[in-house]
Structures are given as structure tokens and as C-alpha cells.
Amino acid sequence: MKKLILVLGDQLDFNSVALRNFDPSTDEVMMIESRHESTYVWSHKAKIALFLSAMRHFAQTLESQNIPVTYIKDSDANIVDVLKQHILDNQVTHLECVEPGEYRLKISLEHLARDLDIELIMHHDDHFYCSVSEFKAWVADKKELRLEYFYRYMRKKHQVLMDEDSQPLGGQWNFDDQNRKPYSKNGPGLIQDPVVFEPDAMTREVFEFVEKSYPQHPGSLAHFAWPVTREQALVALDFFVTHRLAQFGTYQDAMWKETPFGWHSMLSPSLNLKLINPREVIERALAAYQTDALDLSTVEGFIRQIIGWREFVRGIYYLDMPQMAEANFYQHQRSLPSWYWTGDSKMNCMKDAIGQTLKYGYAHHIQRLMVTGNFALLAEVLPQQVSDWYLAVYVDAIEWVELPNVVGMALFANGGRFTSKPYVASGAYVKRMSNYCNGCQYKPEVRYGDQACPMTTLYWNFLMKHQAAFNQNPRTRLMTANLSKISIEDQTHIQIHADKILNNLDAI
Ligand SMILES: Cc1cc2nc3c(=O)[nH]c(=O)nc-3n(C[C@H](O)[C@H](O)[C@H](O)COP(=O)(O)OP(=O)(O)OC[C@H]3O[C@@H](n4cnc5c(N)ncnc54)[C@H](O)[C@@H]3O)c2cc1C
Ligand code: SF4
């Protein structure tokens with residue numbers, strides 16, 4: 001028996017179930033850098049660099065532990081073809097791996113094993129609290145899929161923030177209403193900068209390779225400071241919990257010019273590459289709650305994202321693939337404005353959110369949801385183009401987490417499968433939650449005409465188009481009630497102006 005253990009770029013977990021029973025006399029690890037993975041969407045340079053550098057560091061550590069690794073660099077072939085050749089050349093009889101974070105790869109590996117008639121052992125990924133099968137069982141008797149109920153189930157099952165009577169600490173399950181404050185009118189004040197990791201020789205070599213191989217790809221490497229090893233990821237976790245968690249909850253939704261990270265954790269790349277485990281993140285946050293007397297609302301707000309949203313969207317991904325990738329509830333067909341790739345828009349909010357995305361490969365949740373996502377929905381962009389953009393430009397983007405967030409949360413493209421309403425907002429929301437509108441050539445309160453905020457015009461236009469459906473939903477009825485306060489004449493002007501914007505999205 002010759003066993004090959006495939007470790008993918010987002011499976012850099014030394015405690016991986018696929019590595020637990022490693023036998024150096026028969027087993028071998030294989031890791032593959034395939035150009036296809038960097039180019040099937042037009043990936044940000046920092047995303048490519050993060051994956052390659054973290055993979056190379058991981059392989060180096062395995063080798064230092066006398067684990068034999070076949071590491072293929074810069075292959076023109078796709079992962080499955082490289083694997084196939086290696087299996088044939090080396091008479092491999094067993095292929096072992098953890099289930100991939102992309103449906104297409106999972107299916108391709110299953111086909112490969114069948115075609116070659118070798119045994120495939122695909123482990124469920126116990127990095128996550130909730131397995132795919134457990135999620136399916138949880139869903140079985142649910143009339144509708146809502147985060148809140150899944151989150152309660154997870155809190156109870158794993159006894160997180162629960163009291164002795166199995167009731168939620170503080171007497172309520174979530175403190176979302178305390179997690180939505182804007183910064184003060186004078187700005188966010190002094191925010192503790194996130195920890196920075198200087199690129200080492202291996203990372204610098206990757207930078208050179210990325211610049212040479214993918215010169216036209218979007219984004220920059222000039223500000224790259226992401227953790228590329230488990231040790232660094234642990235430092236980042238410790239730093240966040242010690243210096244930034246205390247303010248995280250309050251300002252979770254706040255935005256401010258040139259404040260790319262706010263009080264956010266920036267832990268998603270390390271979590272998604274599996275450099276750190278969500279259990280250690282939760283444990284650290286809970287310990288800080290006890291020892292540092294942090295406010296329950298901030299700790300709960302953070303924990304909800306990890307044990308709630310992160311696990312929930314992964315469950316939904318495997319439940320709804322492959323049809324989720326094709327979802328287009330509103331039948332939107334427009335092209336993504338070209339400035340999504342450059343930040344070259346006259347809209348201050350888009351310029352800032354996209355500008356920092358190109359600089360760091362990062363934007364925080366509200367920028368992704370209520371700025372770039374909201375606009376793409378209001379601008380009626382084809383969901384698959386939007387999704388490709390998100391998958392390309394964020395360093396933490398892996399399909400299992402990216403797709404449900406884009407299709408389900410930002411675009412309502414799956415018709416509200418797990419959200420109770422489309423997340424649409426006008427420029428008034430952006431004005432309330434940020435200072436982007438100060439100095440913008442558009443005015444958030446103006447609905448049509450040259451000064452009109454495109455977000456505002458397209459918001460009212462969207463409500464007019466979907467008025468009947470919004471009227472029927474108690475969560476959106478108030479929005480259409482406000483629409484009815486706008487005169488018919490103004491509504492006509494809005495529609496005409498909206499058509500002008502929609503027919504020339506590149507110009508705004
Ligand atoms: C349109 C859109 C696309 C997104 N694409 C991705 C993506 O490709 N990869 C990704 O990891 N997250 C994605 N998210 C979720 C969220 O925006 C990011 O996880 C978060 O911004 C990462 O920054 P952070 O680590 O500073 O997060 P924090 O705000 O500090 O949150 C802590 C952690 O909670 C988890 N988390 C928070 N919100 C979510 C969520 N909605 N879904 C899943 N996990 C969540 C992340 O692991 C994150 O690191 C997307 C959200 C939207 C609206
Ligand atoms: S006025 Fe409109 S376009 Fe300008 S920053 Fe505000 S929301 Fe964005």
C-alpha cells in the first residue's frame with residue numbers, strides 16, 4: 001500500500017485529521033502550486049502571495065519533522081492533473097485528504113479516484129465545530145434557515161457563554177443592537193494598529209515570483225503584512241484579543257476614511273488557511289472576557305461571527321451547492337463596473353472600500369456588505385461576476401465562505417434562503433455609518449440630478465421595481481412606506497436618472 005496525502009493551500013493545519021496517523025514508511029504528503037488556482041479568477045497579488053508563502057512555510061515545517069513532502073511549484077496543469085500523473089508514476093493505491101473548501105475540487109477528486117480505481121479517503125474537516133452532516137441534520141426539521149437558531153444551538157452544544165442553568169450569559173442570546181454604533185463625529189480616535197509581520201526571505205521570494213508571473217493581476221504587495229505561519233497567526237490572535245477586542249463589538253459596523261481595519265480582528269485569512277483553529281480563537285476571547293473584564297456585548301459580538309456566521313455559511317454552502325453558484329433570483333445581467341478593479345470611481349465610499357481592498361486584499365464586513373455588495377445589488381450586476389470579484393480580491397476568500405456571503409447575504413441572489421430581506425440601503429446609511437459622504441461630489445440626500453448619490457437613486461429605483469414584494473415582507477414594509485411619501489413626479493425623475501446611471505455604470 002502506498003498512501004498519498006493531499007494537502008491543499010487552505011488546509012495548513014498541523015493537526016489535520018489527514019496527518020494524524022502519518023506513517024513515514026508508506027505515506028507521503030503532496031502539495032501543489034497550480035497556476036490555474038491563481039488565474040481561474042483574476043486573483044489579487046496579495047492573495048496569491050499569502051497562499052504560496054503559507055504553503056511553502058507549512059511544507060518546510062513538515063519536512064523538518066521528517067515528513068516526506070512532494071512539493072510541486074508553479075505547475076501549468078491543474079491540481080487534479082498533477083495529482084493524477086503523480087499517482088500513476090508512483091503506483092499510489094490510496095489517496096487521502098480533508099474535504100476541500102471548494103465543491104468543484106471535491107467532485108474532481110472523487111472522479112479522479114473512480115477513474116484510477118484507487119481508494120479515496122476524504123475526511124470531514126474537523127477544523128470546524130459543525131460537520132457537513134451535522135449541519136444537514138440540524139436543517140432537517142427547520143422551516144427556514146436562520147443564523148439566530150443555529151447560533152443558539154451551537155452555543156448550547158459547546159457551552160459557550162452559557163450560565164449554570166444553560167441560559168445565555170447576560171440573559172439574552174445576542175447584543176447585536178449594541179454592535180452597530182458609528183464612530184463619533186470627530187472620528188474613531190486612536191485605534192491600536194494591527195500587528196504587522198515583516199516578510200521573511202521565503203515570502204520575499206514569493207513576492208518576486210508573483211510580480212514576475214502575474215504582473216497584470218490586481219492589487220499590490222507593497223503593504224503585505226499577513227501572518228504566513230501558525231506562530232505568526234497565534235501572535236495576531238493574541239494581539240487582537242489583548243489590544244482590539246474590547247472595542248470590536250461597539251464599532252463593528254462603523255466605517256471611516258483611511259481606517260481600513262477599524263477594530264476588526266483580521267483573523268479570517270489565518271482561520272481560513274487553518275493556521276489557527278476556531279476553538280483556540282473562542283477560548284482566547286472567553287479567557288479575556290473573564291480576566292480582562294471585557295464587556296459581554298463585545299465578546300458575544302465577536303464569538304457570534306466565529307461560532308455562528310462562519311460555521312453557518314459553511315453548512316449552507318455544502319447544502320446548496322452546486323446550484324448556489326448559479327443563483328440569480330432577480331435575473332440581474334449587468335456587467336460589473338470596471339472601476340471595481342481599480343477603485344477609480346467618483347463615489348467616495350466605493351473609492352475608499354475598493355482602494356483599501358487593492359492595497360491590502362482586505363475590507364471589513366460592512367464595507368463588503370453595505371458598500372461594494374449593496375451597490376452591486378442596486379446596480380443589477382450579474383451575481384456570478386460579483387462573486388468572481390470577491391473571490392479574486394480578498395486574501396481570505398475561499399469559495400465555501402465567499403459564495404454564501406455574496407450570493408446569500410449581499411445580493412439576495414438565492415431569494416432569501418437564509419436572510420429575511422435583501423440588504424439594500426441608500427446613501428443615508430453610508431452617511432450615518434461613516435464620513436465617506438463628506439467631500440464626495442454626490443450628496444446622499446439628493447435622489448436625482450447631477451448631484452444625486454448613485455446609491456440613493458438606485459435604492460429608490462430598486463424599491464419601485466420590487467415594491468410589491470417589499471410590501472408583503474414585514475421586515476421591508478417600512479421601506480416601501482417611505483417610498484409612498486415620494487411624489488409620483490419625483491419617482492419618475494428617479495427612474496429616469498436611475499436608467500441613466502445603470503446604462504453607464506462605468507462613468508460614476
Ligand atoms: C459580500 C461578502 C463577502 C465576504 N467574503 C468573505 C470571504 O471570502 N472570506 C471570509 O472569510 N469572509 C468573508 N466575508 C465575511 C466577513 O466580511 C469577513 O469574514 C471579515 O470581514 C473578515 O475580516 P476580520 O477577520 O477582520 O473579521 P472580524 O470582523 O474581526 O470577524 C471575526 C471573524 O468572524 C468570521 N466572520 C465574520 N463575519 C462572517 C461572515 N459573514 N461569514 C463567515 N465568517 C464571518 C471571520 O472568520 C472573521 O475573521 C464576506 C462578507 C460579505 C458581506
Ligand atoms: S454621497 Fe453617496 S456616493 Fe458619495 S460617499 Fe456618500 S453614499 Fe457614497
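Whatever order the structure lists them in is the order used to number ligands and atoms, beginning at 1. Keep in mind it's a predicted model, so treat the numbers as computed, not measured.
- Of the listed options Cys440, Ser434, Gly439, Cys440 places a heavy atom closest to atom 4 (Fe) of ligand 2.
- Residue, atom and distance of the protein heavy atom nearest to atom 6 (Fe) of ligand 2 are Cys437 SG, 2.3 Å.
- Residue-level proximity to ligand 1 for Tyr362 is carried by the side chain, the only part with a heavy atom below 4.0 angstrom.
- Regarding atom 2 (Fe) of ligand 2, its nearest protein heavy-atom neighbour is Cys453 SG, 2.3 Å.
- For ligand 2, the atoms sitting less than 4.0 Å from at least one non-hydrogen atom of Tyr436 are 5 (S), numbered in the order shown with element in parentheses.
- No donor-acceptor pair closer than 3.5 Å links the side chain of Ser53 to the backbone N or O of Ala49.
- Considering both main-chain and side-chain atoms, Ala410 never comes within under 3.5 Å of ligand 1 through any nitrogen or oxygen pair.
- Of the candidates Asp396, Val371, Asn405, Val407, the one placing a heavy atom closest to atom 42 (N) of ligand 1 is Asn405.
- Across all their heavy atoms, Leu275 and Pro227 have their closest contact at CD1-O, 4.0 Å.
- Distances between N or O atoms of Tyr390 and those of ligand 1 include no value under 3.5 Å.
- A cation-pi contact, defined as under 6.0 Å to the ring centre and within 45° of the axis, links Arg314 to Phe128.
- Contacts between Leu271 and ligand 1, counted as non-hydrogen atom pairs separated by less than 4.0 Å, involve the side chain only.
- Between the side chain of His127 and the backbone N or O of Ser16 there is no donor-acceptor pair closer than 3.5 Å.
- Within a 6.0 Å radius of CD in Glu258, other residues, nucleotides and ligands contribute 12 heavy atoms or fewer.
- Looking at ligand 1, you won't find any N or O of Met409 less than 3.5 Å from one of its N or O atoms.
- Heavy atoms from other residues, nucleotides or ligands lying under 6.0 Å from OH of Tyr149 number 12 at most.
- Given atom 13 (C) of ligand 1, the protein heavy atom at minimum distance is Arg368 NH1, 3.5 Å.
- Using a non-hydrogen distance threshold of 4.0 Å, Phe302 registers as a contact of ligand 1.
- Here His364 has backbone heavy atoms under 4.0 Å from ligand 1, and that is the only part of it that gets that close.
- Summarising the contacts of atom 8 (O) of ligand 1 with Gly408, Ala363, Ser268, Ala397, the nearest heavy atom is found in Ala397.
- The side-chain heavy atoms of Val195 and His243, taken from C-beta on, include no pair separated by under 4.5 Å.
- Taking the centre and axis of the six-membered ring of Phe239, the NZ or CZ atom of Arg244 falls outside the cone set by 45° and 6.0 Å.
- With Asn374 contributing its side chain and Ala425 its backbone, the two residues share a donor-acceptor pair below 3.5 Å.
- Looking at Thr456, its side chain does come within 3.5 Å of a backbone N or O of Gly427 through a donor-acceptor pair.
- With hydrogens and angles ignored, the 3.5 Å screen pairs a side-chain donor or acceptor of Lys47 with a backbone N or O of Ala397.
- Atoms of ligand 2 lying under 4.0 Å from at least one heavy atom of Pro444, given by number and element, are 1 (S).
- Counting heavy atoms under 4.0 Å from ligand 1, residue Asn272 touches it through the side chain alone.
- Atoms of ligand 2 found under 4.0 Å from any heavy atom of Gly427 (numbered from 1 in listed order, with element): 7 (S).
- If you check each of Val401, Val386, Val281, Ile307 against atom 12 (N) of ligand 1, the one with the closest non-hydrogen atom is Val401.
- If you check which protein heavy atom lies closest to atom 1 (S) of ligand 2, you get Tyr442 O, 3.4 Å.
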